[in-house]
Amino acid sequence: MPELPEVETTVRGVGPSLVTRRITGWTIRESRLRWPVHLPEVMRGERVVQVLRRAKYLVFVTQSGAMIVHLGMSGSLRIVRRGAPAGRHDHLDVEFDHEVLLRLTDPRRFGSVHYHVGDWREHWLLEGLGVEPLTRDFDGRFLHGVARRRKLAIKQLLMDGRVVVGVGNIYANEALFRAGIRPRLAAGRISRKRYDLLAEAVREVLAAAIADGGTTLRDFVDGSGQPGYFTNSLCVYGRERQPCLVCGTQLKGVRLGQRATVYCPNCQR
DNA sequence: ATAGTCACCTGAGCGC
DNA sequence: TGCGCTCAGGTGACTA
């Protein structure tokens with residue numbers, strides 16, 4: 001999926017065409033996503049007042065509530081012209097009071113779409129989410145604090161959305177490489193100083209990926225259908241058994257909590 | 001509370 | 001070409 005940078009890229013791509021527009025209708029071609037898609041009649045006629053990201057959710061804030069979209073592993077949202085033929089995995093179109101549609105494509109159907117009446121922050125999927133990594137709340141002190149006495153591998157802690165949001169498998173691997181920390185280290189055994197480095201690495205890698213329009217492995221496209229270019233800047237993800245770009249040591253691939261994990265046994269300790 | 005596993009689904013890539 | 005297998009960006013639910 002779409003991790004934080006890809007979702008942010010999507011928000012920036014589709015947001016400007018939709019803000020101030022009125023929702024005139026929608027077409028659900030396939031409602032069997034992660035949760036059944038049901039959009040209530042109260043959404044019709046609502047004006048979009050803001051499009052934002054919270055964790056990996058896109059939030060289309062309206063006057064009465066918000067449409068909340070998650071892209072799962074393979075989802076993407078694009079602005080297309082009305083009448084554009086729908087493909088096999090184009091599950092939802094939302095229509096507005098101008099000549100374009102917001103179209104959700106999601107081959108694996110792990111994504112989700114909800115409409116929440118009221119404050120979007122109170123939607124059950126968003127309650128209990130951790131801190132945003134690009135805010136000031138996220139720093140070494142914070143990570144060090146939540147890691148206290150935890151035996152969980154640091155990589156898994158980084159990927160726990162109740163702690164910090166938006167960091168998926170690609171960027172967890174990349175941030176740990178940049179910080180020089182082994183993915184399997186027990187979170188509770190890492191020093192405050194190293195957590196300062198890690199928090200900084202997470203922020204840097206996410207910011208760099210956003211600047212490049214995200215990472216495209218197979219199917220991610222931005223709001224206008226373009227792939228992301230951060231793929232070219234990945235140091236470890238997808239490079240197991242290849243030489244480390246810094247020291248030349250062969251990168252090691254292991255599995256951690258069912259996820260592919262790659263690190264440099266020399267640079268990361 | 002914490003850590004580990006499973007499930008959901010389609011498509012791509014690989015060996016045979 | 002086709003078959004069967006493994007793997008893939010996420011995360012809620014469930015188990016010990």
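In the text below, chain A, chain B and the rest are named by the order of the sequence lines, each starting its count at 1.
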Taking atom CZ as the centre, does A:R44 end up with more than 12 heavy-atom neighbours from other residues, nucleotides or ligands that are less than 6.0 angstrom away?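 Yes - once you tally the heavy atoms of other residues, nucleotides and ligands closer than 6.0 Å, there are more than 12.
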
Exceeds 12 heavy-atom contacts within 6.0 angstrom, atom CZ of A:R192: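 Yes, enclosed.
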
Describe the nucleic acid contact of [X] in one word from base, sugar-phosphate, nothing, applying a heavy-atom distance below 4.0 Å.
{"X": "A:R88", "answer": "sugar-phosphate"}
{"X": "A:R32", "answer": "nothing"}
{"X": "A:R259", "answer": "base"}
{"X": "A:L152", "answer": "sugar-phosphate"}

To the nearest Å, give me how far apart CZ (A:R184) and P (B:dG4) are.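 Value for this atom pair: 12 Å.
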
Enumerate all atom pairs, one protein N or O and one N or O from nucleotides 12-16 of chain C, separated by less than 3.5 Å.
residue	atom	partner	partner atom	Å
C:dG12	O4'	A:R34	NH2	3.0

At less than 3.5 Å, do the side-chain atoms of A:R108 and the base atoms of C:dA8 form a donor-acceptor pair?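 Side chain to base: pair found, below 3.5 Å.
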
For DNA chain B, what are the stems built from at least three Watson-Crick or G-U pairs in a row, each pair having both distances below 3.5 Å?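 Correct response: B:2-8 with C:10-16, B:10-16 with C:2-8.
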
For A:F110 and B:dC8, say yes or no: do the ring centres fall under 5.5 Å of each other while the ring planes differ by less than 30°?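 The ring of A:F110 is stacked on B:dC8.
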
Quick one, which residues of residues 234-244 of chain A touch DNA chain C with a heavy atom under 4.0 Å?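 Within residues 234-244 of chain A, the residues near DNA chain C are A:Y237.
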
Quick one: is A:H70 getting a side-chain N or O under 4.0 Å of the C:dT11 phosphate, OP1 or OP2?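 Checking C:dT11 against A:H70, a side-chain N or O does come within under 4.0 Å of OP1 or OP2.
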
When you measure from the side chain of A:A260, which nucleotide among B:dT2, C:dA8, B:dT10 comes out closest?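 Among B:dT2, C:dA8, B:dT10, the one nearest the side chain of A:A260 is C:dA8.
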
